[in-house]
Amino acid sequence: MLVRNCWYVAAWDYEIPRAGIFSRTIANEPLVFYRKTDGQVVVLEDRCCHRHAPLSQGQHIGDDLRCMYHGLRFGPDGRCVEIPGQAAIPERARVRNFPVREQQNWIWVWMGDPAAADATLIPKGIIALQDPGWTLKSGYLTFNADYMLIVDNLLDFSHITYVHEQTFGGTDVWATQRPKIERIDRGIRVSRWLMDGAPPRYLPKFKNHNGNIDRWSTYDFLVPGILLLHSDMYPAGSNVNDKSNLIFTYTSSSVVTPETSETSHYFFRWGPQSHENPAIADILLQAADAGFAEDRKIIEAQQRVINRGPGPKMVSIAADAGLIQMRRVFDELSRAETVAHAAE
C-alpha cells in the first residue's frame, strides 16, 4: 500500500557526499543522489535514457552527472546537456528528476506527481541531531520485509511486552493497558500512561532508581511511515502532574521507507535531554540497536511465512486499533490519488 504523493526519507544528510555519487532504491524506484557545487542535493532516476546504464556508476562533474557508458551528460533537472559527437540533443533525452528537500538531517524525496510536491507536508516536530536541548544519536537498518509490516509493528506497542522483554522492558503493562488513539492530519496520535510497570532494562545503567515506574508515552504516526515519540518516566505512584518527580525523559524519531515490495529502510534517532550525561545517549543507542534487531527478527520471520503463499485472513484484536485507523488514512490518501489521476 504505497501513497505516492508524499515525502519519503531516502537518506541521512551525511550519507550524501559533497563530491561523489550515492544510490538507493525508494518505493521500487532506483535513485541516484549527488550534491551541486552549492551543496544542494539532486535526485535523478538511476537509469540513463540512452541504454539504461545506471547513472550511479557515472561521474559527478560540477552540477551534472555523466553516464560512463556512452558519455551522455545530464543537468540537475534531468535534461541531457551533452552527447559526445552529436550537436543536436533530442527533447526526449532526459531522465526523471525528483523533488527533494534536506530538512532535520534527512533527505526527503517526493515520489509522486512533482506538481503536487508540498514542502509543508514534511513534519515540523522532528528534533535535529544538533539541537542544543538534546543529545541524539542516529542509526540506519534494512529489513527483508514489506514496509507495511514494519508500519504495523510501530502502530502497536503491545508487542514490547514480548518481543522486547530483554531490552525496552517486557513489562506486561504494554499489552494490558490500552492507549488513547486520536486522528490527526495525515496520521494518528497514540498516547498512554503505563502505571506501575517494570522499568526498561537500560534505565538502571544510568539512574539510581529501584522499583517500578509510571511512564507517559506518546507518539504521532504520520504517512508514509514517520513516528515522533516522547516518553517520561516517574516513580510508581507519583502525582503524574508533578514534574519534580521526573526520573528520565527521552525523544525518538523513526522512519520506515519502502525499498521494494519485500525490503525496507529504517532510519532512527534517539536520545536524552542535553543536561544528562552524554554517555546516556550511547547507552540508549545500544538499546535501540538491540531492540530493533529483535523487531527485525520477528518481522522478517513474519514475511517468510507470508511468502509461503495465501493463508487465512489475519484476525484483528483490540490491540490493532491504531493499526486499523492508520490503514484508513492510507486508504483515503490512496483513493484521492486515484481520483486525481483519473481526472487528468
task: Test salt bridge (charged side-chain N to carboxylate O under 4.0 Å, His left out) on Lys36 and Glu102 and set out the steps.
output: CA-CA 13 Å; Lys36 299 194 298 184; Glu102 183 173 356; over 6 Å; no
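- Remark: Arg269 fails to qualify as a cation-pi partner of Trp12 under the 6.0 Å distance and 45° angle criteria applied to the six-membered ring.
- Of the possible polar contacts, one joining the Asn97 side chain to the Pro76 backbone as a donor-acceptor pair under 3.5 Å is found.
- Interatomic distance, OG of Ser23 versus CG of Leu55, reported as 10.5 Å (0.5 Å rounding).
- Listed for the Gln104 side chain is no donor-acceptor partner under 3.5 Å among the backbone atoms of Gly125.
- Heavy atoms from other residues, nucleotides or ligands lying under 6.0 Å from OH of Tyr69 number 12 at most.
- Here Arg24 does not pair with Glu259 in a salt bridge; the nearest charged N to carboxylate O distance is not below 4.0 Å.
- With rounding to the nearest 0.5 Å, the separation of CZ in Arg66 from CZ in Arg73 is 5.5 Å.
- Checked by atom type and distance alone, the side chain of Thr251 never pairs as donor or acceptor with a backbone atom of Trp270 at under 3.5 Å.
- When side chains are defined from C-beta on, Tyr219 does not count as touching Ser231, because their heavy atoms never get closer than 4.5 Å.
- Remark: the Asp232 side chain and the Thr249 side chain contain an N/O donor-acceptor pair separated by less than 3.5 Å.
- The main-chain N or O of Asp172 is found under 3.5 Å from a side-chain atom of Thr176 such that the two form a donor-acceptor pair.
- Trp7 contributes a side-chain N or O that, together with a main-chain N or O of Asp118, makes up a donor-acceptor pair within less than 3.5 Å.
- A side-chain donor-acceptor contact under 3.5 Å links Ser138 and Tyr14.
- Of the N and O atoms on the side chains of Gln303 and Asn307, at least one donor lies less than 3.5 Å from an acceptor on the other residue.
- Remark: Ile127 CD1 to His230 NE2 distance equals 8.5 Å, nearest 0.5 Å.
- Side-chain atoms of Leu284 and Ile280, non-hydrogen and from C-beta on, do get closer than 4.5 Å to each other.
- Cluster membership check: Val151 shares its hydrophobic cluster with Leu333, using side-chain heavy-atom separations under 4.5 Å among Ile, Leu, Val, Met, Phe, Trp and Tyr.
- Linking ILVMFWY side-chain heavy atoms closer than 4.5 Å, directly or via other members, places Val256 and Ile126 in two distinct hydrophobic clusters.
- A distance of 4.0 Å separates CD1 of Ile150 from OG of Ser264, quoted to the nearest 0.5 Å.
- A donor-acceptor distance shorter than 3.5 angstrom exists from the side chain of Tyr34 to the backbone of Asp63, with no hydrogens or angles considered.
- Under 3.5 Å, the side chains of Asn105 and Gln130 contain a donor-acceptor pair of N or O atoms.
- Counting heavy atoms from C-beta outward, His209 and Pro204 have side chains that stay 4.5 Å or more apart.
- Residues Trp216 and Arg192 come closest through the heavy atom pair CE3-O, 3.5 Å.
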- request: Decide yes or no on side chain to side chain contact (heavy atoms under 4.5 Å, CB included) for Arg35 and Gln40, but give the supporting numbers first.
  value: CA-CA 5 Å; Arg35 293 185 184 273; Gln40 290 187 342; over 6 Å; no
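- Defined by atom type and a distance below 3.5 Å, a donor-acceptor pair is missing between the side-chain atoms of Asn5 and Asp113.
- Atom CD1 of Ile283 and atom NZ of Lys137 lie 11.5 Å apart (nearest 0.5 Å).
- Here the side chain of Arg178 pairs a donor or acceptor atom with the backbone of Ala175 at under 3.5 angstrom.
- In this model, a donor atom of one side chain and an acceptor atom of the other lie less than 3.5 Å apart for Asn212 and Asp196.
- For Asp156, there are no salt bridge (charged side-chain N to carboxylate O under 4.0 Å, His left out) partners, not counting sequence neighbours.
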task: Could you check Glu276 against Thr135 for side chain to side chain contact (heavy atoms under 4.5 Å, CB included), going step by step and ending with a plain yes or no?
output: CA-CA 8 Å; Glu276 300 279 8; Thr135 303; over 6 Å; no
Taking only distance into account, with no hydrogens and no angle test, what donor-acceptor pairs under 3.5 Å do side-chain atoms of residues 295-302 form with protein atoms, sequence neighbours excluded?
from   : atom 1 : to     : atom 2 : distance (Å)
Asp295 : OD1    : Asn153 : ND2    : 3.2
Asp295 : OD1    : His159 : NE2    : 3.3
Asp295 : OD1    : His164 : NE2    : 2.9
Asp295 : OD2    : His164 : NE2    : 3.3
Arg296 : NH1    : Thr142 : O      : 3.0
Glu300 : OE2    : Asn144 : N      : 2.8

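- Ring centers of Tyr266 and Tyr140: at least 6.0 Å apart, outside the cut-off.
- At least one side-chain heavy atom of Phe267 sits under 4.5 Å from a side-chain heavy atom of Thr257.
- In this structure, Phe268 and Val255 have side chains that are not in contact, with every pair of non-hydrogen atoms separated by 4.5 Å or more.
- The backbone N or O of Ser56 lies less than 3.5 Å from a partner atom in the side chain of Asp46, making a donor-acceptor pair.
- No side-chain N or O of Asn28 forms a donor-acceptor pair with one of Thr260 less than 3.5 Å apart.
- Atom-to-atom distance recorded for Leu155:CG and Asp152:CG is 6.5 Å, nearest 0.5 angstrom.
- At least one side-chain heavy atom of Val223 sits under 4.5 Å from a side-chain heavy atom of Val329.
- Centroid-to-centroid, the aromatic rings of Phe98 and Trp108 stay 6.0 Å apart or farther.
- Although no hydrogens or angles enter the test, the distance criterion places no donor-acceptor pair under 3.5 Å between the side chain of Gln325 and the main chain of Ile188.
- In plain terms, the two heavy atoms of Phe33 and Ala10 that are nearest each other are CZ-CB, 3.6 Å.
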